[in-house]
Amino acid sequence: MEKPQFDNKNNLPDKLLKPYSPADTEDRIYSAWETSGYFNPDRCIEDGVTKADAEHFSIVLPPPNVTGTLHTGHALMLVIQDIMVRYQRMLGKKTLWIPGTDHAAIATQSKVEKLLEKEGIRKSDLGREAFLKRVEQFAQESHDTIVNQAKKMGASLDWSREAYTLDEKRTVAVRTAFKQMYDDELIYRKYRVINWDPKGQTVISDDELVYEERDAMLYTFKYWKDFPISISTTRPETKVGDVAVAVHPDDARYQKFIGQTFTGTFCGVDLSITIIADQGVEPEFGTGALGVTPAHSKVDWEMAQKNNLEVIPVINEFGKMTVGGEKLEGKKTAEARDIIAQWLRDEGLMEKEDKIKQNVSTAERTGAIIEPLPKLQWFIDVNKPIAARENKSLKQLMQDAVSSKEIEILPERFDKNYFYWINNLQDWCISRQIWFGHRIPVWYKNGESYVGIEAPAGEEWEQDPDTLDTWFSAGLWTFSTLGWPEKTKDLATYHPTSVLETGHDILFFWIARMILMSTYLLGEIPFKTVYLHGMVRAANGQKMSKSLGNAAVDPLDIIAKYGNDALRMAMIIGNTPGNDLKLDENDIRGYGKFGNKIWNATRFVLDNIADLDFDEACQLDAEDQISLDELNSLITTVTTEMNEFKFSLAGEKLYHHFWHTFADVIIERSKTKISEGRNVSSAKWILYLELMTLIKALHPFMPFVTEEIWSMLPALNEVEGPATDAKKLLIIEAWPTSA
RNA sequence: GCGCGAUUAGCUCAGUUGGUAGAGCAACUCGUUUACACCGAGAAGGUCGGGGGUUCGAGCCCCUCAUCGCGCACCA
């Protein structure tokens with residue numbers, strides 16, 4: 001059967017007669033926003049959109065790594081932040097959202113190394129300079145992709161303030177921060193056992209360790225026949241570096257040996273073993289005695305420091321043995337382990353071999369098993385009292401910022417994780433043996449060293465070859481992006497920032513480090529609210545990852561299919577802070593339909609209010625007045641929820657009201673009134689008021705379709721009557737208030 | 001080992017200070033009424049993981065157990 005044609009006697013725009021097409025709309029709308037300049041708060045002030053003395057609202061975008069393209073996780077972060085920013089801008093605040101990218105030192109370097117590997121090139125073949133050129137080229141390409149993607153996602157970022165963690169300004173910030181910390185003796189260089197990644201050939205911080213449970217063999221044996229105590233270990237190969245055996249001070253079995261030294265030969269290596277007492281030894285585990293290898297275990301290193309023991313390195317940076325003659329030297333640790341285990345059996349020294357589960361630390365980036373090694377590295381002291389900060393340590397500064405409620409973490413339960421992490425925090429190792437990143441601003445000459453922003457004068461000064469942990473520069477992000485160390489107007493206006501929105505997986509890596517840097521360097525918090533989102537998962541709950549093959553869910557594909565507005569709604573509704581989000585294509589499709597529903601409702605309203613006389617006072621009949629009251633109370637509720645970061649609730653209420661109250665009840669009711677000529681003016685007024693209000697309130701959630709509709713409401717943007725001045729864009733329209 | 005979270009309609013999840021259980025999707029029945037079939041109307045569907053406690057009243061607070069997931073941790 002033929003469907004009756006919409007007669008369009010009121011000459012509605014052609015595009016409004018067809019179903020809504022995000023693909024034909026979104027790019028055009030984004031360009032209009034960019035051209036307007038309203039992503040930049042300065043422009044809003046110039047044009048009188050925002051008052052110069054208005055309250056500020058600022059967010060720094062967690063800078064995506066320049067390691068490739070944006071994924072759904074990035075899309076989620078862009079959506080949540082864009083909603084906040086659009087809402088705050090409509091409230092009339094000086095609203096700034098700063099974009100940027102992160103050089104992501106190790107991650108980017110290893111990515112490029114892998115690409116070069118495919119070409120059969122090693123980074124050592126290229127040399128430092130040529131290699132860095134390749135990395136920078138790669139980083140630039142990634143950057144361009146990322147920027148384009150962010151724009152596709154509708155992010156209302158102020159591109160005029162874009163920053164990069166490795167650009168010139170940020171380099172000055174990094175060096176200034178380094179120098180100040182060095183001068184305050186918070187940064188120091190020390191030889192100690194660190195986490196060595198044999199694959200990445202660099203030291204990594206404690207936070208970059210990932211523990212993996214593995215099967216291991218626990219060997220129980222004596223070093224030699226007349227040694228009085230048996231020890232247990234999973235790593236016999238390190239025992240050639242042993243200098244002591246530690247027992248619990250109260251252990252009756254071993255007390256009599258404490259303080260004695262025994263010498264002998266273990267697998268061809270001469271050892272001198274002193275029996276020491278340490279509270280940390282668990283009498284119940286193994287034999288209750290522990291072989292101490294100061295060079296290859298952090299715990300043992302500390303025992304050695306306390307007891308003044310010698311440190312004997314036996315493993316090198318490549319995970320190979322450096323002692324033991326022909327039998328062991330040059331062998332990989334795993335091989336040496338078997339050789340020693342066999343030797344123990346052959347010698348009749350092996351007493352027990354037990355299969356156990358063991359947590360081994362691996363490197364987050366390379367997956368390699370960490371080899372603890374003693375090395376000279378740079379550290380940040382987290383316990384030293386700082387005179388300029390009321391003698392508080394960095395640890396205390398981090399703690400106080402949150403415990404004082406100056407910084408609020410959403411959801412609140414992450415407070416506990418944060419405090420727990422701080423309590424267990426040890427000095428932060430900030431040097432890395434990689435090429436890509438901020439080179440440590442320290443120069444050496446004949447045993448002399450110089451720390452500064454610029455290289456010292458004179459030829460012979462040699463800069464430290466190491467680079468800084470990428471989180472050092474990231475820690476400065478809230479203020480380095482605003483111009484620090486210069487005293488800029490931006491810094492005065494927009495810092496502390498209002499909200500930091502990111503995934504809970506980088507609470508320690510990044511959020512804690514930003515709090516550290518900001519409270520120390522500026523004496524103020526970096527942000528007031530931390531909003532932590534969960535991880536985006538596939539519809540079946542699986543983690544999206546390349547190895548599972550479902551990381552192929554490209555946000556741009558979804559946008560091409562259903563539109564950005566639909567993706568946004570699917571990412572916001574049903575999503576609460578801290579909880580993972582299952583992204584289901586059905587939901588996205590559903591919200592795509594909602595966009596069309598809004599579109600069609602607009603067609604109906606515009607067609608019916610074409611002859612509405614705006615000079616006449618708005619007079620509503622009883623039921624329409626009730627509807628208006630309901631609308632007002634909806635807006636009040638939604639506003640409260642927006643202020644409390646409850647975007648899911650707010651979005652869902654707007655969705656539901658639009659569809660099931662405005663469309664299903666009010667529009668349907670108006671048809672009867674208009675066709676019967678009963679309370680026609682009231683019916684038209686309520687159509688108009690509802691549509692106007694809902695389009696505005698929906699804008700932060702669905703910016704494209706609402707802006708597009710807004711542009712088709714000629715001279716209707718003031719309730720009082722037709723506007724005569726040039727039409728404003730919806731992004732700078734005032735957030736609706738209940739009348 | 002310590003800590004955290006989840007467990008609510010078939011599925012995915014909301015539920016803000018304790019006050020008569022909600023949404024979306026799916027499924028069911030009916031309906032093409034000129035904004036929209038990317039639609040409408042209607043009905044159906046839950047002893048809120050188990051057990052105990054506090055309370056006039058508990059999805060929500062307390063205790064306990066179970067299952068799943070996550071974070072942290074120097075049992076060698």
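First the proteins, then the strands, lettered A, B, ... as listed; each starts at 1. Because only heavy atoms are used, hydrogens play no part in the values below, and waters and symmetry mates are left out as well, while side chains stay in. Predicted, not measured: the structure shown is a model, and the values here were computed from it.
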Engineer: Taking the P atom of each, how far is B:C11 from B:A73, in whole Å?
Structural biologist: 37 Å

Engineer: Using a cut-off of less than 4.0 Å, is there contact between a side-chain N or O of A:Trp659 and OP1 or OP2 of B:G24?
Structural biologist: no

Engineer: Which comes earlier along RNA chain B counting from the 5' end, the contact point of A:Tyr591 or that of A:Arg603, where each point is its nearest nucleotide?
Structural biologist: A:Tyr591

Engineer: For the pair made of CG in A:Leu12 and C1' in B:U34, what is the distance, rounded to whole Å?
Structural biologist: 13 Å

Engineer: Would you mind reading off the distance between A:Phe701 atom CZ and B:A23 atom P, rounded to a whole angstrom?
Structural biologist: 19 Å

Engineer: Measure from the side-chain heavy atoms of A:His656 and tell me the nearest of B:C72, B:G24, B:C36.
Structural biologist: B:G24

Engineer: Please determine, for the side chain of A:Thr576, which listed nucleotide (B:C38, B:A35, B:A14) has the closest atom?
Structural biologist: B:A14

Engineer: Could you summarise the pairing of RNA chain B as dot-bracket text, marking Watson-Crick and G-U pairs under 3.5 Å with ( ) or [ ] inside the strand and | across strands?
Structural biologist: (((((((..((((.....[..))))..((((.......))))......(((((..]....))))))))))))....

Engineer: So does A:Glu412 have more than 12 non-hydrogen atoms from other groups sitting under 6.0 Å from CD?
Structural biologist: no

Engineer: Just how far, in rounded Å, is C1' of B:U12 from CE of A:Met571?
Structural biologist: 15 Å

Engineer: Residues two or more places apart in sequence or in another chain: which of them pass salt bridge (charged side-chain N to carboxylate O under 4.0 Å, His left out) with A:Lys375?
Structural biologist: A:Glu317

Engineer: In whole Å, what separates the P atom of B:G40 from that of B:U32?
Structural biologist: 16 Å

Engineer: Quick one: do A:Lys646 and A:Glu641 make a salt bridge, cutoff under 4.0 Å?
Structural biologist: no

Engineer: Using a 4.0 Å heavy-atom cut-off to protein, can you give one letter per nucleotide of nucleotides 16-22 of chain B, 5' to 3': B if the base is in contact, S if only the sugar-phosphate is, - if neither?
Structural biologist: B------

Engineer: Measure CG/A:Asn575 against C1'/B:A23 and give the value in whole Å, please.
Structural biologist: 15 Å

Engineer: On the 0 to 90° scale, with breaks at 30° and 60°, tag the A:His504-A:Phe414 ring pair as parallel, tilted or perpendicular.
Structural biologist: parallel

Engineer: When the P atoms of B:G31 and B:C61 are compared, how many Å lie between them, rounded to an integer?
Structural biologist: 48 Å

Engineer: Taking C-beta and beyond as the side chain, do A:Met321 and A:Thr333 meet within less than 4.5 Å on heavy atoms?
Structural biologist: yes

Engineer: Restricting to non-hydrogen atoms, name the atom on A:Thr362 and the atom on A:Gly367 that form the minimum distance, rounded to 0.1 Å.
Structural biologist: CB-O, 3.8 Å

Engineer: Under 4.0 Å, heavy atoms only, any strand: does A:Asp664 hit a base, just the sugar-phosphate, or nothing?
Structural biologist: sugar-phosphate

Engineer: Could you check how far CZ of A:Phe662 sits from C1' of B:C36, rounded to whole Å?
Structural biologist: 12 Å

Engineer: Does A:His660 reach a base, just sugar-phosphate, or nothing at all? Heavy atoms under 4.0 Å.
Structural biologist: sugar-phosphate

Engineer: Quantified in whole Å, what is the P atom distance between nucleotide B:C36 and nucleotide B:G19?
Structural biologist: 43 Å

Engineer: Are A:Lys597 and B:C39 close enough that a side-chain N or O sits under 4.0 Å from OP1 or OP2?
Structural biologist: no

Engineer: Would you call the rings of A:Phe509 and A:Trp471 parallel, tilted or perpendicular, where under 30° means parallel and over 60° means perpendicular?
Structural biologist: parallel

Engineer: Taking B:U12 as the reference, what is the distance to B:U17 when you measure between their P atoms (whole Å, please)?
Structural biologist: 25 Å

Engineer: Evaluate the ring planes of A:Phe658 and A:Phe662, with Trp represented by its six-membered ring, and classify them as parallel (under 30°), tilted (30 to 60°) or perpendicular (over 60°).
Structural biologist: perpendicular

Engineer: Pairs under 3.5 angstrom, nitrogen or oxygen only, protein versus nucleotides 1-9 of chain B, please.
Structural biologist:
| from | atom 1 | to | atom 2 | distance (Å) |
| --- | --- | --- | --- | --- |
| B:C4 | OP1 | A:Lys416 | NZ | 2.8 |

Engineer: Using atom names, set out every protein N or O paired with an N or O of nucleotides 74-76 of chain B below 3.5 Å, distance rounded to 0.1 Å.
Structural biologist:
| from | atom 1 | to | atom 2 | distance (Å) |
| --- | --- | --- | --- | --- |
| B:C74 | OP2 | A:Tyr211 | OH | 2.7 |
| B:A76 | O5' | A:Gln358 | OE1 | 3.4 |
| B:A76 | N6 | A:Glu282 | O | 2.6 |
| B:A76 | N6 | A:Phe285 | O | 3.0 |
| B:A76 | N1 | A:Glu282 | N | 3.2 |

Engineer: In whole angstroms, how far is the C1' atom of B:C72 from the NE2 atom of A:His504?
Structural biologist: 14 Å

Engineer: More than 12 heavy atoms of other residues, nucleotides or ligands under 6.0 Å from NZ of A:Lys528: is that the case?
Structural biologist: yes

Engineer: Please name the pair of heavy atoms, one in A:Lys239 and one in A:Gly291, separated by the smallest distance, quoted to 0.1 Å.
Structural biologist: NZ-O, 3.1 Å

Engineer: Quick one: A:Glu585 CD to B:C25 C1', roughly how many Å, whole number?
Structural biologist: 13 Å

Engineer: In whole angstrom, give me the gap between the C1' atoms of B:C72 and B:U55.
Structural biologist: 37 Å

Engineer: Nearest of B:G71, B:G40, B:A35 to any side-chain atom of A:Ala663?
Structural biologist: B:A35

Engineer: Might you list the N or O atoms of the protein lying below 3.5 Å from N or O atoms in nucleotides 26-28 of chain B, with each pair's distance?
Structural biologist:
none

Engineer: Could A:Asp197 and A:Arg365 be called an ion pair, given the rule that one side-chain N must be under 4.0 Å from one carboxylate O?
Structural biologist: no

Engineer: Sticking with atom C1', work out how far B:U7 lies from B:C60, rounded to a whole angstrom.
Structural biologist: 14 Å

Engineer: I'd like to know if A:Glu668 reaches the base of B:A41 with its side chain, counting only an N/O donor and acceptor under 3.5 Å.
Structural biologist: no

Engineer: Which whole-number value in Å describes the distance from A:Leu507 CG to B:G71 P?
Structural biologist: 13 Å

Engineer: Measuring only the C1' atom in each nucleotide, how far is B:U33 from B:G46? A whole number of Å is fine.
Structural biologist: 35 Å

Engineer: Using side-chain heavy atoms (C-beta onward) and a distance below 4.5 Å, is A:Asp565 in contact with A:Thr706?
Structural biologist: no

Engineer: State whether A:Asp207 and A:Arg513 are salt-bridged, where the test is any N-O pair (Lys NZ or Arg NE/NH1/NH2 against Asp/Glu carboxylate O) under 4.0 Å.
Structural biologist: yes

Engineer: Apply the side chain to side chain contact (heavy atoms under 4.5 Å, CB included) test between A:Thr672 and each candidate in A:Glu676, A:Glu668, A:Arg669; give the one that qualifies.
Structural biologist: A:Glu676

Engineer: Closer than 4.0 angstrom, basic N to acidic O: yes or no for A:Lys673 and A:Asp624?
Structural biologist: yes

Engineer: Classify the ring geometry between A:Tyr223 and A:Phe221 as parallel (under 30°), tilted (30 to 60°) or perpendicular (over 60°).
Structural biologist: perpendicular

Engineer: When you look at CG of A:Asp611, are more than 12 heavy atoms from neighbouring residues, nucleotides or ligands closer to it than 6.0 Å?
Structural biologist: yes

Engineer: If you look at every heavy atom in A:Ile340 and A:Cys267, which pair is closest and at what distance?
Structural biologist: CG1-SG, 3.9 Å

Engineer: If you find the nucleotide of RNA chain B closest to A:Val665 and the one closest to A:Ile573, which residue's nucleotide is nearer the 5' end?
Structural biologist: A:Ile573

Engineer: Could you tell me how the ring of A:Phe647 sits relative to the ring of A:Tyr531: parallel (under 30°), tilted (30 to 60°) or perpendicular (over 60°)?
Structural biologist: tilted

